[in-house]
Amino acid sequence: QDKEKLEIRKLNVPPSAQTVWDMIKYARNVIEEFRRAKHYKYILCLTLTPLACELLEICELSLDKMGALFEDSNVYMLHMMYQAMGVCLYVQDWEGALRYGQKIIRPYSKHYPSYSLNVASMWLKLGRLHMTLENRRAGVKALKRAIAIMEVAHGKDHPYISEIKKELEDH
């Protein structure tokens, strides 16, 4: 699966191995920079909105740069999209979070095993985002996909599954 996880865009002129390696080094560095910035800013307890804007800008700039070479299914792209989604959730930008989540779910479903809780968690987030944005049909569909995975991973009687089913009934 490494080839799929590190997928490169189909370009007119294929990139050199060195170009790909340089982009991988860039991706690793920006991920580390993001982690440091997040940790450092939280410790200082700076105002949240400027921090979130700064973190989201790091994500978007790096996605633009990496996206010139990497497919959206590339693990470095997925990692940065997941971080961007987290920032959007934090500042309650539901539409932004949903956009990132929708880009993430298909590659997650391909990269992770069929009953991965990572995939279930993403379906759960997407379902809740759809519900928040009053798209009940899409929300129900996503939540049911999350439940189907979780029933296999946790068992049908797990309290968390009951909680999500209750959530569905309440909407």
Side-chain angles (χ1 to χ4, degrees), residues 1-42 48-130 132-133 135 137-139 141-146 148-149 153:
Q1 272 191 326
D2 284 349
K3 187 175 180 181
E4 289 177 5
K5 290 180 181 179
L6 296 174
E7 197 166 354
I8 304 297
R9 290 197 178 282
K10 311 285 186 274
L11 303 169
N12 290 336
V13 178
S16 68
Q18 186 60 48
T19 301
V20 173
W21 182 242
D22 288 345
M23 189 59 75
I24 289 171
K25 286 193 289 190
Y26 167 80
R28 288 177 177 167
N29 287 336
V30 79
I31 288 167
E32 187 55 38
E33 177 187 329
F34 184 87
R35 285 185 183 138
R36 276 195 310 271
K38 200 164 72 166
H39 179 73
Y40 180 69
K41 301 285 176 150
Y42 287 143
L48 301 178
T49 305
L51 164 63
C53 291
E54 186 178 322
L55 293 175
L56 192 55
E57 188 175 351
I58 291 171
C59 293
E60 289 171 349
L61 290 172
S62 64
L63 284 167
D64 284 346
K65 183 170 180 164
M66 291 187 294
L69 186 60
F70 294 157
E71 288 289 347
D72 283 352
S73 61
N74 183 292
V75 291
Y76 296 110
M77 293 289 286
L78 288 170
H79 180 84
M80 200 49 63
M81 283 189 267
Y82 187 81
Q83 296 302 321
M85 182 182 184
V87 173
C88 289
L89 289 170
Y90 191 75
V91 297
Q92 299 180 1
D93 173 7
W94 310 131
E95 290 91 358
L98 183 62
R99 272 193 311 277
Y100 283 113
Q102 288 172 325
K103 285 180 144 186
I104 293 168
I105 192 62
R106 191 169 294 123
Y108 263 36
S109 298
K110 197 163 93 174
H111 293 326
Y112 287 108
S114 300
Y115 297 104
S116 166
L117 291 176
N118 290 320
V119 177
S121 173
M122 187 55 63
W123 279 120
L124 184 61
K125 287 176 185 170
L126 288 171
R128 288 177 172 160
L129 284 165
H130 279 298
T132 299
L133 294 169
N135 185 350
R137 200 165 102 217
K141 185 177 176 183
L143 290 173
K144 285 183 175 180
R145 289 181 101 163
I149 294 168

Self-check item: Beyond-backbone contact of V75 with F70, side-chain heavy atoms, under 4.5 angstrom
Solution: no
Quiz prompt | Rounded distance (nearest 0.5 Å) linking atom CG of N118 with atom OH of Y112 | solution = 4.0 Å
Self-check item: Value rounded to 0.5 Å, distance of CE in M85 from CG in L78
Solution: 12.0 Å
Quiz item: Considering residues, nucleotides and ligands other than Y82, do more than 12 of their heavy atoms fall under 6.0 Å from its OH?
Solution: no
Self-check item: Closest heavy-atom pair and its distance - M80, S62
Solution: CG-OG, 3.1 Å
Self-check item: Least distance between heavy atoms, C88 atom then G96 atom
Solution: SG-C, 3.9 Å
Exercise. Might you point out which heavy atoms bring T19 and S16 nearest each other, and give the distance in Å?
Key: OG1-OG, 2.8 Å
Quiz item: Does H111 use its side chain to pair, donor to acceptor, with the backbone of S73 at less than 3.5 Å?
Solution: yes
Quiz item: Which pair of heavy atoms, one from N74 and one from E7, lies closest together, and at what distance?
Solution: ND2-O, 3.3 Å
Self-check item: Rounded distance (nearest 0.5 Å) linking atom CE of M77 with atom CG of L69
Solution: 10.0 Å
Quiz item: Which value, rounded to the nearest 0.5 Å, describes the distance between L98 atom CG and H130 atom NE2?
Solution: 4.5 Å
Quiz item: Going from CD1 on I104 to OG on S109, what distance comes out if it is rounded to the nearest 0.5 angstrom?
Solution: 11.5 Å
Self-check item: Qualifying residues under salt bridge (charged side-chain N to carboxylate O under 4.0 Å, His left out), relative to R128, sequence neighbours excluded
Solution: E167
Quiz item: CG of L89 to NZ of K125: how many Å apart, nearest 0.5 Å?
Solution: 6.5 Å
Quiz item: Which heavy-atom pair separates L126 from Q102 by the least distance, and what is that distance?
Solution: CD2-N, 3.7 Å
Practice problem: Quick one: do E33 and I58 satisfy side-chain contact (heavy atoms from CB on, under 4.5 Å)? Show the steps, please. | Solution: CA-CA 9 Å; E33 177 187 329; I58 291 171; 4.1 Å; yes
Quiz item: Mind checking whether I149 and S116 have side chains closer than 4.5 Å, heavy atoms only?
Solution: no
Practice problem: Work out which heavy atom in I8 is nearest to a heavy atom in P15; give both atom names and the distance. | Solution: CG2-CG, 3.9 Å
Practice problem: Would you indicate whether the side-chain heavy atoms of L6 and Y76 approach each other to under 4.5 Å? | Solution: yes
Quiz item: Which residues satisfy the salt bridge (charged side-chain N to carboxylate O under 4.0 Å, His left out) test with R9, sequence neighbours excluded?
Solution: E71, D72
